[in-house]
Amino acid sequence: MIDALLNALPHVFSLTNLFAVLLGSMAGLVVGALPGLTVTTGIAVLIPLTFGMDPLFALGMMAGMYNSGSYAGAIPAILLRVPGTPASVATILDGYEMTKQNRAAYALQIAVVSGVIGSVLSALSLIAFAPTLAKVSLLFGPAEYFWVALLGLATVASLLGNDLLKGLLAAVIGLLIGTMGIDISSGIERFTFDRLEFAEGIDLVVLLTGLFAIPPVLEMIEQASREGMPRELLKLKRQGSVMRDWRRFLPVWMRSSAIGIIVGILPGAGGSISCYLAYNDAKQRSKEPETFGKGNPEGVAASEAGNGADNAASLIPALSLGIPGSGVAAVILGGLLVHGLRPGPQLFTDHPDIVYGFMLQMLISAFFLIILGGLAATRIFGQALRLPPVVLAPMILLFLTIGVYAVNNSLFDLSTLLIVGIVAYVLDRLGYPSVSIILGVILGPIAESQLNLALTISGGRPMALIASPVSMILVFLTAVILFIPLRGMWKNRKTQEK
C-alpha cells in the first residue's frame with residue numbers, strides 16, 4: 001500500500017489534477033448550496049462530461065464535488081432553514097436557531113471546520129483501512145439492515161422532537177408517505193391515487209423542499225418585514241473562533257466522525273443517517289441536552305462532522321466490494337465503470353495508481369474546503385441575510401420553483417410542492433418535527449425491503465430477524481433509545497404531581 005501511495009503522489013499533485021479537484025470543489029459548493037440540487041445530481045451530470053478525460057482528472061472533479069457539495073448544503077440550512085442536501089437537515093435544528101440569535105457567521109464557521117475534520121478523518125480511514133474495513137460490511141445481512149433502519153427511526157422520532165408522541169406520529173406520517181408507489185414485493189401500486197406520477201412515490205427533492213423550504217418562506221411572507229439583517233451583524237470575522245474553542249468541540253468531532261465512518265462503511269446507509277445519529281449522540285452526552293434545537297453550537301458540529309465523515313467512508317465498500325455505501329458512492333461507481341475501472345479487490349492490484357490517487361484526492365479536496373468553503377462561500381452566501389424578508393421570500397420561491405421543475409421538467413411536481421409545503425407549514429405550527437417525517441420516508445422503504453428479503457431467505461421465520469449477535473445488539477440499542485425519553489416523560493409527570 002505504501003508503494004502504491006508513493007507512486008500515486010506525483011500524479012495527484014500535478015497541476016492538472018490539482019486543478020480538477022479545485023474545479024470540482026467550486027462546482028460542488030454551487031450544487032450543494034442550491035436547494036433542489038444534490039451532490040448525486042451534480043456528479044451524475046458531471047460523469048458524461050468526463051468521457052475521454054484522464055481517469056484521475058475525472059475522479060478528482062468527483063472527489064472535489066463530493067466533499068464540497070456535502071458541506072455546502074449547510075449554508076442554506078443555517079442561513080435560510082432550507083436544506084441544500086438531505087444530509088444537512090439535522091444542521092437546521094441548531095444552525096438556523098443560531099442565525100436567529102445573530103450568530104450566523106459562527107454557525108457557518110463551525111459547519112466548515114467540522115465538515116473538514118470529518119472529511120479528513122474519513123479520507124484517512126479510506127486510505128488506511130479500505131481492504132480491511134470492507135469486511136465489516138459483510139457482517140450485515142437483510143435482518144441487520146432492517147434493525148439499522150428501525151434504529152434510525154427510533155433515534156430521530158424520540159430524540160429530535162420536543163414531544164415523544166409528536167415525534168413518533170411524524171415518523172409514522174413519513175412511513176406512510178414512503179409506502180406510496182409500486183410495492184417492491186408484489187408489483188402492486190399503493191396509494192398512487194391513479195396518478196402515474198406517483199408510481200415511484202413522491203420525489204425526494206420535492207418532498208425535502210416542501211417540508212423544509214416552504215414553511216419558512218410562508219413565515220417570511222406572514223411577517224412581511226421590510227428590513228433585512230443589519231450589516232454589523234454579518235461581520236463574519238468577529239463572531240468568535242472555533243479553533244479557540246477546540247476543547248469544547250473536540251469530543252464531539254471525534255465521536256461524530258467515528259459514527260459517520262462506521263455508518264459510511266455500511267452499504268445503503270449514507271450521510272442522511274450518520275448526521276442524525278451523530279446529532280443524537282451529542283445531545284445524549286451533553287450536560288445541557290435541553291439546549292439542543294435552540295441554538296447549541298455542538299449540534300451543528302456533530303451533524304456536519306458526521307456528514308463529512310460519511311463521505312470517503314462510503315467509498316470503502318464501493319471500491320473494495322462494488323457495494324456503494326451511499327447514493328453518491330453508487331453514482332461514483334458508475335463513473336469508475338465509465339473509465340474502464342471495475343470496482344472490487346482487483347481494482348487495488350490492476351490500477352493501484354488510480355485508486356490510491358483517488359483516495360488522496362478525497363483528502364486534498366477536504367483541505368480545499370477550508371479555503372473555498374470557509375472564506376469564499378461563507379462570505380458570499382452570508383450576504384443573503386441582508387435582503388429584507390419581503391424581498392427574499394419571493395426570490396427563494398422563484399429559485400425553489402426553478403430547481404424543483406428542473407428535476408423532472410414536471411408541472412405536477414410543482415403542484416405537489418405546493419400541497420406538501422402547506423401541510424408542512426401546518427404541521428410545523430402544531431409542533432410536529434419535519435425531520436422525523438423525512439427520515440420515515442427515507443428509512444421506511446429500506447426497512448420494508450430488507451424485512452421482505454430477510455423473511456424470504458428464512459422461509460418466513462420471524463425469529464431469523466434476531467438470529468445474529470449483531471441483530472440482537474441493534475434491537476437492544478433501539479429499545480434503549482426509546483426508553484430514554486419515556487423515562488424522562490415519567491419523571492416529569494411525577495415532578496408535576498408533586
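Quantities reported herein were computed from a predicted structural model and do not represent experimental measurements.
Remark: S365 engages N67 in a side-chain hydrogen bond (donor to acceptor under 3.5 Å, both in side chains) (not counting sequence neighbours). Residues satisfying the ring-ring contact (aromatic ring centres under 6.0 Å, His included) criterion with W147, sequence neighbours excluded, are absent altogether. Contacts of F367 classified as side-chain contact (heavy atoms from CB on, under 4.5 Å), with partners at least two apart in sequence or in another chain: V120, L363, I370. A search for side-chain hydrogen bond (donor to acceptor under 3.5 Å, both in side chains) contacts involving T91 returns S303, E304, not counting sequence neighbours. Scanning for side-chain contact (heavy atoms from CB on, under 4.5 Å) contacts around S256 gives V252, A278, A302, A305, with sequence neighbours left out.
Counting heavy atoms from C-beta outward, L6 and L9 have side chains that approach closer than 4.5 Å. Here the side chains of R248 and P297 are in contact, with some heavy-atom distance below 4.5 Å. Contact annotation: the side chain of L360 never approaches that of Y356 to less than 4.5 Å [non-hydrogen atoms, C-beta and beyond]. Looking at L451 and L465, their side chains come closer than 4.5 Å, going by heavy atoms from C-beta outward. In this structure, the side chains of L341 and L59 come closer than 4.5 Å at one or more pairs of heavy atoms. At least one side-chain heavy atom of Q361 sits less than 4.5 Å from a side-chain heavy atom of L56. Between D54 and T16, the closest side-chain pair of non-hydrogen atoms is not below 4.5 Å. Here the side chains of L315 and F358 are in contact, with some heavy-atom distance below 4.5 Å.
For L398, the CG atom is densely surrounded, since the number of other residues' heavy atoms within 6.0 Å is greater than 12.
Counting all heavy atoms, side chain and backbone alike, L108 lies closest to Y71 at O-OH, 4.2 Å. Between M61 and A20, the closest heavy-atom pair is CG-O, 3.3 Å. Nearest heavy-atom pair across M65 and A27 is CE-CB, 3.6 Å. Contact between S471 and S468 at its shortest, heavy atoms only, is OG-OG, 3.0 Å. Nearest approach of A111 to A74, heavy atoms of both residues: CB-CB, 4.1 Å. A pairwise comparison of heavy atoms in A8 and D353 identifies CB-O, 3.6 Å as the closest pair.
Remark: M53 CE to H339 NE2 distance equals 8.0 Å, nearest 0.5 Å. Taken from CD1 in I332 to CG in L319, the straight-line distance is 8.5 Å, to the nearest 0.5 Å. A distance of 6.5 Å separates CD1 in I316 from OG in S122, rounded to the nearest 0.5 Å. Between the OH atom of Y405 and the CG atom of D413 there is a distance of 10.0 Å, given to the nearest 0.5 Å. Here F57 contributes atom CZ and L23 contributes atom CG; the two are 6.5 Å apart, rounded to the nearest 0.5 Å. Here the NZ atom belonging to K283 is positioned 13.0 Å from the CD atom belonging to E298, to the nearest 0.5 angstrom.
With D281 contributing its side chain and L277 its backbone, the two residues share no donor-acceptor pair below 3.5 Å. A donor-acceptor pair is defined here as one N or O able to donate and one able to accept, closer than 3.5 Å; no such pair exists between the side chain of N311 and the backbone of S119. Formation of a donor-acceptor pair under 3.5 Å by the S68 side chain with backbone atoms of M26 is not found in this model. D94 places no side-chain N or O within donor-acceptor distance of the main-chain N or O of V300, the cut-off being under 3.5 Å.
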Subject >> Verdict with supporting geometry, T99 and I78, side-chain contact (heavy atoms from CB on, under 4.5 Å) >> reply: CA-CA 7 Å; T99 295; I78 291 171; 3.4 Å; yes
**OP:** Might you work through the side-chain contact (heavy atoms from CB on, under 4.5 Å) test for L121 and M254, ending with a clear yes or no?
**Re:** CA-CA 9 Å; L121 293 176; M254 294 299 103; 3.7 Å; yes
Original post:
Going through the distances and angles, do V113 and I117 end up as a side-chain contact (heavy atoms from CB on, under 4.5 Å)?
Top reply: CA-CA 6 Å; V113 173; I117 290 175; 4.0 Å; yes
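Using a 30° and 60° split on the angle between ring planes, Y279 and F292 fall in the perpendicular class, above 60°.
Applying the side-chain hydrogen bond (donor to acceptor under 3.5 Å, both in side chains) test to every pair with at least one member in residues 20-31, sequence neighbours left out, gives no pairs at all.
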